[in-house]
Structure formats: structure tokens, C-alpha cells
2 protein chains.
Amino acid sequence: MTKNATGRVDHEAELRKAGIRITRPRRIILRIVSETDDHPDAYEIFRRAVQEDKNISLSTVYRTMKLLEEHGTIQRHAFAGGPSRFEHAGEEHHDHLIDVETGDVIEFRSDKIEKLQDEIARELGYDILHHKLELYGRKRRSA
Amino acid sequence: MTKNATGRVDHEAELRKAGIRITRPRRIILRIVSETDDHPDAYEIFRRAVQEDKNISLSTVYRTMKLLEEHGTIQRHAFAGGPSRFEHAGEEHHDHLIDVETGDVIEFRSDKIEKLQDEIARELGYDILHHKLELYGRKRRSA
DNA sequence: AATGCAAATGCAAATCGTTTGCAATAAAAA
DNA sequence: TTTTTATTGCAAACGATTTGCATTTGCATT
Ligand SMILES: [Mn+2]
Ligand SMILES: [Mn+2]
Ligand SMILES: [Zn+2]
Ligand SMILES: [Zn+2]
């Protein structure tokens, strides 16, 4: 995996290696998704991108998200209701707890659950390609 | 809970009790969703409904699904990609394994996973309102 | 059974998130 | 630099779902 001067993964090099052209919009979008720690949707990414280059189009954001998804750079989530939301891949796998009141997304990971999922699939005669575990909850109001 | 002559839940009575009018389209749609054991989408329900009443509209199907969902009669699922799919509620809670090749939906239930979810949410200071666990897999091809 | 009225319907048009065709532009190969 | 080819921005198309509105219907009331 290619690293850059700061020791982080160099996505541009990774993509170039895969024969993908590094264009101005792609460089900007890539920066946005790799620097944020939230789960923005395409329009939000577009909004942030426009601040850096006034004539980036929403189509390009969508096209780039699909490209990066196929390339494994980002992950797409389809939380209940709304549009797809994205996050930079590469960290360890985790699932999400969505605060139904604020829309906040909290990440968590349970190895036990992950393992149980595999067991279940195996018993049913399947191999899991991916899965989705989303908890929708409300902050507990202590009595 | 109101039961009818056959001992099953009488949805029409339940709805009427809640001040909801039992119309011809609603009666038909209700029959369809309570008799099927698959997970049809709105258009499929519409298709089946039209066989019984040639001038039911897709709008009414959508409106009725929302109504029944709010009333707790059915559950809505948003599996990856496609449109919302519905199933009759009332049976015990279960989660789904989706065959990515055929679109088939297999139901399963793991008390262990359910319990672990509660623990996780509690640790994070949340109460779970509902959750979604979907496994996307492919039939294991035995060597 | 006939009446009255709010609720529900069908239809067409609107909306939302997303994708696509196409001519213009820019990346990278030569 | 020139050439080749991928990528862009824009507008129009898209699929799923919702909505406005005039008409019909369920059903509580006579
Ligand atoms: Mn995340
Ligand atoms: Mn089910
Ligand atoms: Zn997981
Ligand atoms: Zn569950």
C-alpha cells in the first residue's frame, strides 16, 4: 500500500496505479472524504467541494463516489430513509448506532456479533459478502 | 387483540377500532400482505391487487403501506439497492439473509445477537428503538 | 333505505436521489 | 506539442415514492 510523506495512505498514487486519472475534482473529493470523520451524503460532499472549486458538479461527485466505492477507497451506507452516506474505508470494520433524534452516527464494533453472523450464514449454507447492522436508538434519559 | 372466526388476528377489526375506514382497496391489500410469506415490494403488491380489482392504483398501495406501517400491521425493509419491501408484522422478530444472486430472502433469528445489541447500546447510553441486521451472501459452493 | 360529510381514491403531475447522453475540456501518452 | 482518450458539466432522464385535486366512497346519521 502506497504511503505519502506524512505516512498516510496515498490514495492518489493508489488510484493512478490502477489506471485512474487524477483530475482536479477527484483530488478535491478525495481530500474531503479522507479528512472527514463523519458520514456525509453526496450533496454534502458536493457542498464542501464547491467551496474549493466553484464549478465542480454534483454529477461528478456521484460518479466519483461510485468510482471510489468500486475501488474500495470508500464505503457506502444506506441508512433508513435518507440518501446514501459515505465514509472513508481502510479503518477496521465497524457498525453504526444512529441517534434517531439528532441523526448522529456512533460507530461500534462487536467481534462476538461478527462471529455469530458467520456462524449463522454457514449454517444456512451461505458465505457472507457483506452485512449491515444498524441500531436505531434514543439517548437514555436517566431517571 | 381482535381475532376472527378462524382464530387469526382480525386486521380489519383492529383498524376499524383505530378509526380507520375499511375500503375495498384496503381490504384487498390487507389480504395480500397477510397471506403471503415472501417480501414483496409496492409494485408487486399492486400487481397482485390488480388481479382482484382492476382499478386499484399504485398510489393507494403506497398510501396503504404507509398507513399499515404506522399502525404496526406491516414492516418495511429497505434492502440494498432496490425499493422498499414489506412483510406482515406480528410474527416474532427476525433478521434477514439476502441472496445477492437470486434476491431470495432467508429469515433467521439469533437471541445471542439480539442480546449483544442491547448490551452495546446500553454501554453507549442508548435505548434501541429498532434495528436492522442484514447479511448479504452467496450460496456456498461446496468444493 | 336515503342523506350528508369527511375520508379515501385514481389520476397526473411533482419530488427526491441518482444516473446518463453528449459536446466541450483536460489528463496523460506519444 | 500534438494526439488520444477519459472525464467533465450541463441538462435531461430515471425509478421510487409522494402529493394536489376533483370525484367517489364508507359510514354515521337520520
Ligand atoms: Mn462509520
Ligand atoms: Mn422477514
Ligand atoms: Zn459488522
Ligand atoms: Zn434482530
Side-chain angles (χ1 to χ4, degrees), chain A residues 11-30 32-33 39-71 73-86 103, chain B residues 11-33 39-47 49-71 73-86 103:
Chain A
H11 294 293
E12 298 194 10
E14 292 284 314
L15 292 167
R16 205 178 272 112
K17 204 186 300 177
I20 292 163
R21 290 187 185 177
I22 302 305
T23 65
R24 189 169 151 68
R26 284 179 182 166
R27 187 171 290 124
I28 291 172
I29 292 167
L30 208 43
I32 292 171
V33 303
H39 300 76
D41 61 28
Y43 195 80
E44 173 61 24
I45 292 167
F46 168 65
R47 200 179 296 125
R48 296 180 194 176
V50 164
Q51 291 181 273
E52 304 195 32
D53 180 342
K54 202 141 178 41
N55 49 351
I56 279 176
S57 78
L58 183 54
S59 312
T60 296
V61 173
Y62 276 112
R63 279 192 276 237
T64 303
M65 297 327 280
K66 183 185 283 189
L67 182 85
L68 296 180
E69 187 188 8
E70 284 163 357
H71 190 261
T73 308
I74 61 167
Q75 246 186 278
R76 173 190 303 263
H77 300 293
F79 299 140
S84 291
R85 298 172 64 169
F86 306 90
Chain B
H11 293 294
E12 298 193 11
E14 292 284 314
L15 291 167
R16 207 178 271 112
K17 204 186 298 176
I20 292 162
R21 291 187 184 176
I22 303 304
T23 65
R24 190 170 151 68
R26 283 180 182 167
R27 202 188 317 275
I28 292 171
I29 292 167
L30 209 43
R31 262 206 356 34
I32 292 170
V33 301
H39 301 76
D41 61 28
Y43 196 80
E44 172 62 24
I45 292 167
F46 169 66
R47 201 180 295 126
V50 165
Q51 292 181 275
E52 303 195 33
D53 180 342
K54 201 139 178 44
N55 49 353
I56 278 176
S57 78
L58 183 54
S59 312
T60 296
V61 173
Y62 275 111
R63 279 191 275 237
T64 303
M65 298 325 280
K66 182 184 282 190
L67 182 84
L68 297 181
E69 187 188 7
E70 284 164 356
H71 190 261
T73 308
I74 61 166
Q75 246 185 276
R76 174 191 302 263
H77 300 294
F79 299 140
S84 290
R85 299 172 64 168
F86 306 89

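We name chains A, B, ... by the order of the sequence lines, and we start the count at 1 in each one.
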Taking for each residue the nucleotide of DNA chain C with the nearest heavy atom, is it A:Ala42 or B:Gly19 whose nucleotide lies nearer the 5' end?
B:Gly19
If we check side-chain contact (heavy atoms from CB on, under 4.5 Å) with B:Pro25, which of these qualifies: B:Asn55, B:Leu30, B:Thr60?
B:Thr60
Which heavy atom in B:Ile22 sits nearest to a heavy atom in B:Arg16, and how many Å separate them?
CG1-NH2, 3.7 Å
Mind checking if B:Asn55 touches a base, just sugar-phosphate, or nothing, with heavy atoms under 4.0 Å?
sugar-phosphate
Identify the heavy atoms of A:Leu58 and A:Ala42 that sit nearest to each other, and give their distance.
CD1-O, 4.1 Å
Are A:His11 and A:His71 close enough that some pair of their side-chain heavy atoms sits under 4.5 Å apart?
no
Are any of the side-chain heavy atoms of B:Met65 and B:Ile45 separated by less than 4.5 Å?
yes
For B:Arg24 and for B:Asp41, find the nucleotide of DNA chain D with the closest heavy atom, then tell me which residue's nucleotide is more 5'.
B:Asp41
Contact span of DNA chain C against chain A, any nucleotide atom under 4.0 Å from a heavy atom, 5' to 3', runs C:dG17 to C:dA28
Just checking B:Arg63: base, sugar-phosphate only, or nothing, at a heavy-atom cut-off of under 4.0 Å?
base
Along DNA chain D (nearest heavy atom to each residue), the more 5'-positioned of B:Ser59 and A:Ile20:
A:Ile20
As an exercise, state the distance from CZ of A:Phe46 to CD1 of A:Ile32, rounded to the nearest 0.5 Å.
10.5 Å
Any residue meeting ring-ring contact (aromatic ring centres under 6.0 Å, His included) with B:Tyr62, in chain and number order, not counting sequence neighbours:
none
Tell me which nucleotide, if any, is Watson-Crick or G-U wobble paired with D:dT29 when both distances must be under 3.5 Å.
C:dA2
Under 4.0 Å, heavy atoms only, any strand: does B:Thr23 hit a base, just the sugar-phosphate, or nothing?
sugar-phosphate
Smallest separation among heavy atoms of B:Arg26 and B:Thr64, with atom names:
CG-OG1, 4.0 Å
Where does the chain B footprint on DNA chain D start and end, counting 5' to 3' with a 4.0 Å heavy-atom cut-off?
D:dA16 to D:dC27
